[in-house]
Undergrad: 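First, the structure itself, so that you have it in front of you.
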Number of protein chains: 4
Amino acid sequence: MTALPTLPVPTDADPQPPKRERRKDARPSELMEAALSLFVEKGFAATRVEEVAQRAGVSKGTLFLYFPSKVDLFKAVVRENIVGRFDEWNEAFERFEGSTADMVRYCMLQWWERIGATQASGITKLVISEASLFPEIANFYRDEVIEPGSALIRRILQRGVSRGEFRAIDPDLAVHSVVAPMIFIILWKHGMGPCCQLSGVAALDPLAFIHHQADVLIHGLSAQTACAPSATSADSTTLADSHG
Amino acid sequence: MTALPTLPVPTDADPQPPKRERRKDARPSELMEAALSLFVEKGFAATRVEEVAQRAGVSKGTLFLYFPSKVDLFKAVVRENIVGRFDEWNEAFERFEGSTADMVRYCMLQWWERIGATQASGITKLVISEASLFPEIANFYRDEVIEPGSALIRRILQRGVSRGEFRAIDPDLAVHSVVAPMIFIILWKHGMGPCCQLSGVAALDPLAFIHHQADVLIHGLSAQTACAPSATSADSTTLADSHG
Amino acid sequence: MTALPTLPVPTDADPQPPKRERRKDARPSELMEAALSLFVEKGFAATRVEEVAQRAGVSKGTLFLYFPSKVDLFKAVVRENIVGRFDEWNEAFERFEGSTADMVRYCMLQWWERIGATQASGITKLVISEASLFPEIANFYRDEVIEPGSALIRRILQRGVSRGEFRAIDPDLAVHSVVAPMIFIILWKHGMGPCCQLSGVAALDPLAFIHHQADVLIHGLSAQTACAPSATSADSTTLADSHG
Amino acid sequence: MTALPTLPVPTDADPQPPKRERRKDARPSELMEAALSLFVEKGFAATRVEEVAQRAGVSKGTLFLYFPSKVDLFKAVVRENIVGRFDEWNEAFERFEGSTADMVRYCMLQWWERIGATQASGITKLVISEASLFPEIANFYRDEVIEPGSALIRRILQRGVSRGEFRAIDPDLAVHSVVAPMIFIILWKHGMGPCCQLSGVAALDPLAFIHHQADVLIHGLSAQTACAPSATSADSTTLADSHG
DNA sequence: TATGAATGAGCCTTCATTCAT
DNA sequence: CATGAATGAAGGCTCATTCAT
């Protein structure tokens with residue numbers, strides 16, 4: 001501790017002018033990464049391109065060297081983060097030999113690992129939030145993500161029904177039962193979560209919730225249930241209607 | 001299940017449009033109504049105050065007579081439309097004598113009738129989408145809606161567990177199982193739905209889905225299930241890991 | 001001269017903040033007038049909208065209240081200053097009973113009074129200079145100004161030929177002989193003139209030149225010329241060709 | 001008229017394009033050539049340096065290796081292309097022994113061949129269009145081209161008057177009568193012509209017009225005219241006034 | 001010397017907000 | 001109170017110019 005280093009200690013205010021680096025290959029992904037986090041955080045309109053450039057460590061002009069416009073940047077971010085993992089998952093589905101219940105749980109966990117827990121989940125939040133402003137994006141997302149994703153889940157559920165593991169539920173409705181918790185997690189993660197401290201009941205541990213939800217779902221779809229809910233269901237519907 | 005609240009429900013939208021007789025008392029709410037639909041549709045940033053004024057049938061200047069700024073208008077819209085019906089619903093819960101399964105279903109249907117199917121559902125979409133830009137609003141929403149709502153649902157689920165109707169699930173997690181489909185419905189209704197034609201698997205009939213989801217949920221939570229999912233759960237985790 | 005006025009002498013730096021005046025009707029023409037002079041002076045691209053607004057005594061935003069874009073402002077300026085005086089002139093032509101020589105001179109002088117000497121002449125300079133950037137404008141100008149103007153002049157010249165006052169010249173070529181000096185005057189007036197002091201031979205007195213040119217033109221077209229230029233013409237052509 | 005200058009005229013454009021062998025000596029002129037055509041076509045402001053570089057087959061950076069700035073490039077282009085052939089033409093004038101009428105026609109045709117029909121004519125268009133933005137250029141052009149050119153034409157006309165071939169016109173005014181059609185041709189060629197199809201009366205055949213204009217001019221200036229235009233002139237002025 | 005990625009000042013345009021009427 | 005013309009700060013985008021390679 002006696003001999004203090006006399007090397008010029010870098011002060012907070014960086015004295016050297018920002019080096020003008022030439023890194024053509026790295027720029028687009030750097031910019032998209034910066035854009036992704038800002039878009040997710042603040043929405044499309046409230047994100048300024050200069051801020052994106054700043055976060056990527058380049059100037060405003062550089063951004064426009066790689067993306068013709070802010071909208072194009074947005075589209076690129078969406079495209080980049082939507083990797084068609086459905087082929088891979090479809091293949092896994094074909095080879096899978098265990099119970100459909102296991103398959104459902106496996107699917108949800110995989111989704112969490114590959115999508116939910118990553119930055120890519122921000123895209124979903126983004127698309128849902130800005131859908132009305134970018135119908136083109138929304139349609140693109142529907143075609144590339146929603147439809148194939150739903151189709152895969154539907155096939156899994158259908159398998160369960162066909163093999164007598166699941167009750168004879170409407171697969172089109174059941175698909176949403178699988179998707180809903182995922183959307184829920186994403187929105188909590190990117191919407192309410194970061195900005196207001198959610199404690200107690202409102203707090204959300206994504207992985208725990210996924211496991212729980214898988215349990216509930218599998219139980220709920222299972223053919224081996226003793227109770228007969230149909231009568232109750234009819235009653236409550238009547239009740240509801242009487243109030244409508 | 002017998003005694004259902006038949007309180008006179010105040011309809012939100014005044015049926016006769018008072019075009020001629022324009023009381024200034026009505027202005028704020030007319031403006032907020034116009035603002036709500038635009039905010040929900042286009043988000044905060046993309047909504048222009050002039051458009052709000054136009055839709056409310058007044059001039060741009062008049063809007064600022066009632067709301068000091070666009071942000072204040074936004075906050076007022078959210079505050080005004082966040083109606084906690086939880087007192088009413090808590091009361092109904094206390095008086096309810098039927099099965100907890102019925103109560104869960106009843107709850108979800110009521111939510112759909114009173115919130116989900118109305119303009120009020122837009123508020124949720126709004127708050128979730130804009131939460132990061134308005135932490136104050138997010139906190140307010142958490143305190144006024146999320147916390148009391150979650151508490152109510154938690155009490156219902158707890159009742160089921162206590163009375164032996166439901167398995168011994170973690171009520172804090174199960175709450176999300178009830179909320180997730182509602183959030184999902186809202187976001188589909190206000191996000192993807194209006195702007196891109198969702199067909200086939202992706203299409204969503206809210207009421208049908210609520211009924212389906214109630215079935216799945218009640219089955220999934222029911223104590224009368226024969227199968228033991230714990231072992232399966234362990235297996236599938238292993239599977240997931242081996243595949244990851 | 002003894003009692004000096006003690007009224008507050010307005011200093012150069014206007015102390016009162018620029019009054020916010022409401023003059024909706026006057027704005028467009030004020031803006032177009034300011035724009036005309038600036039466009040003529042500096043060209044379209046080099047003229048900044050802020051400068052136009054400033055010269056018109058309004059803010060930048062106000063300009064866009066009346067003209068959707070800079071291009072639209074430009075188009076409006078052109079349209080506004082292109083007054084079809086051709087109907088009036090055509091009518092005068094029909095009623096004219098004097099010699100065609102008088103008619104030609106009258107035409108040129110009228111042009112100078114009504115167009116050449118006014119701001120409107122700047123439009124021609126503008127259109128010619130920026131034609132390639134605004135083909136739409138150029139076509140518009142051709143249809144609305146060049147074609148009808150040429151047609152009128154052609155009719156006048158044709159009258160001279162028909163009545164034996166003028167030689168049997170090609171009217172289509174002769175039209176340009178009338179137009180060329182006008183264009184020349186305009187370009188000198190708005191191009192070289194204002195920015196470089198032209199003295200001696202290069203100086204240009206528009207009215208004197210018009211009178212002179214009318215003389216030359218009338219003499220040149222006149223049927224009562226003794227000399228025979230055809231032979232000379234042929235010779236010189238041969239000469240020119242031998243050099244080409 | 002007999003002895004015409006048969007000097008070997010240096011052709012401007014190198015016929016064989018040296019694509020392969022790119023000497024750096026050629027760069028500046030290649031760049032200026034590219035710049036000239038673009039400046040003429042689109043004006044100074046609307047021409048992008050990158051486009052100039054591209055057309056010259058080099059990169060943007062290279063351009064700035066030879067010209068410090070866009071303005072400097074512009075000035076260089078103008079300076080380089082302003083060729084005063086007045087020494088040559090003055091010499092030809094001294095030696096000329098034919099009629100002044102022939103000399104006038106010869107002059108105009110020579111101008112067309114050497115200037116009007118070549119790229120060089122674009123310079124005039126350029127200078128006139130951009131004069132107000134570049135007063136320095138305008139003054140330079142006046143000194144190098146306008147003044148000597150006018151002086152030459154003035155001497156020719158003066159010769160005609162002195163020898164009794166022409167009437168006693170004001171030579172300073174008559175100079176413009178010679179110049180005006182040339183300016184007119186240039187502006188039509190580079191301004192309206194390329195961007196809007198001019199048909200019928202508005203169409204312009206430069207060479208035919210030059211011949212026609214030479215005829216008219218020579219007739220108009222000729223001393224052998226019988227009619228007395230002065231009285232007519234006075235009348236028409238009165239007419240104009242009474243109509244104005 | 002030549003390149004072209006990077007820069008940033010400057011421009012057009014929008015829109016929340018103000019204020020004279 | 002109501003209006004809507006006027007304002008000006010702010011943001012998207014361009015392009016002349018610089019500089020590391």
Undergrad: Judged by each residue's nearest nucleotide on DNA chain E, which is more toward the 5′ side, Leu65(B) or Gly57(A)?
TA: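 Between the two, 5'-proximity favours Gly57(A).
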Undergrad: Take the angle between the ring planes of Phe74(B) and Phe134(B) and call it parallel below 30°, perpendicular above 60°, tilted in between.
TA: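 Phe74(B) vs Phe134(B) ring planes: parallel.
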Undergrad: Between dC11(E), dT7(E), dG12(F), which nucleotide has the shortest distance from any of its atoms to the side chain of Val58(A)?
TA: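 In terms of side-chain proximity for Val58(A), the closest of dC11(E), dT7(E), dG12(F) is dT7(E).
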Undergrad: Could you give the CD-to-C1' distance, from Glu21(C) to dT3(F), as a whole number of Å?
TA: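 Distance check: Glu21(C) CD to dT3(F) C1' gives 18 Å.
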Undergrad: Tell me the interatomic distance from Gln54(A), atom CD, to dA6(E), atom P, rounded to whole angstroms.
TA: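 So the CD-P distance, Gln54(A) to dA6(E), works out to 17 Å.
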Undergrad: Have a look at Val49(A) and say if it touches a base, only the backbone sugar-phosphate, or nothing, with a 4.0 Å heavy-atom cut-off.
TA: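 Here Val49(A) touches the backbone only, sparing every base.
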Undergrad: 5'-most contact on DNA chain F: Ser69(A) or Val71(D), nearest heavy atom basis?
TA: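 Counting from the 5' end, the first nearest nucleotide belongs to Ser69(A).
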Undergrad: Is the phosphate of dT1(E) approached by Arg27(D) (side-chain N or O, under 4.0 Å from OP1 or OP2)?
TA: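 Checking dT1(E) against Arg27(D), no side-chain N or O comes under 4.0 Å of OP1 or OP2.
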Undergrad: Main chain of Leu126(D), side chain of Ser129(D): is a donor-acceptor contact present, judged purely on distance under 3.5 Å?
TA: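 Such a contact is absent between Ser129(D) side chain and Leu126(D) backbone.
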Undergrad: Take Pro68(D) and Gly61(C), find for each the nucleotide of DNA chain F with the closest heavy atom, and name the residue whose nucleotide sits nearer the 5' end.
TA: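 Its nearest nucleotide being more 5', the pick is Gly61(C).
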Undergrad: Given dT3(E), dG12(F), dT7(E), identify the nucleotide with an atom nearest to the side chain of Lys70(A).
TA: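 The answer is dG12(F), which lies nearest to the side chain.
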Undergrad: By nearest nucleotide on DNA chain E, pick out whichever of Ala45(C) and Glu50(B) is the more 5' one.
TA: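 The residue mapped nearer the 5' terminus is Ala45(C).
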Undergrad: Between Arg23(A) and dA20(F), is there a side-chain N or O to OP1/OP2 distance below 4.0 Å?
TA: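 No.
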Undergrad: With a 4.0 Å cut-off on N to O distance, would you call Arg79(B) and Glu136(B) a salt bridge?
TA: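 Counted as a salt bridge, because a side-chain N and a carboxylate O are separated by less than 4.0 Å.
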Undergrad: Does Arg22(A) have a side-chain nitrogen or oxygen under 4.0 Å from the phosphate oxygens OP1 or OP2 of dA20(F)?
TA: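 So the side chain of Arg22(A) is outside the cut-off, no N or O lying under 4.0 Å from OP1 or OP2 of dA20(F).
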Undergrad: For a quick test of reading the model: is some side-chain N or O of Tyr66(C) closer than 4.0 Å to OP1 or OP2 of dA6(F)?
TA: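 Checking dA6(F) against Tyr66(C), a side-chain N or O does come within under 4.0 Å of OP1 or OP2.
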Undergrad: If only side-chain N and O atoms of Thr62(D) are considered, is one of them under 4.0 Å from the OP1 or OP2 phosphate oxygen of dA2(E)?
TA: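 No, Thr62(D) has no side-chain N/O under 4.0 Å of OP1/OP2 on dA2(E).
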Undergrad: Could you check Lys70(C) against Glu51(C) for salt bridge (Lys or Arg N to Asp or Glu O under 4.0 Å), going step by step and ending with a plain yes or no?
TA: CA-CA 12 Å; Lys70(C) 191 186 178 184; Glu51(C) 211 176 341; over 6 Å; no
Undergrad: Per the atom types in the model, does the base of dG10(E) pair as donor or acceptor with the side chain of Lys60(A) at under 3.5 Å?
TA: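 Answer is yes: a donor-acceptor pair is held.
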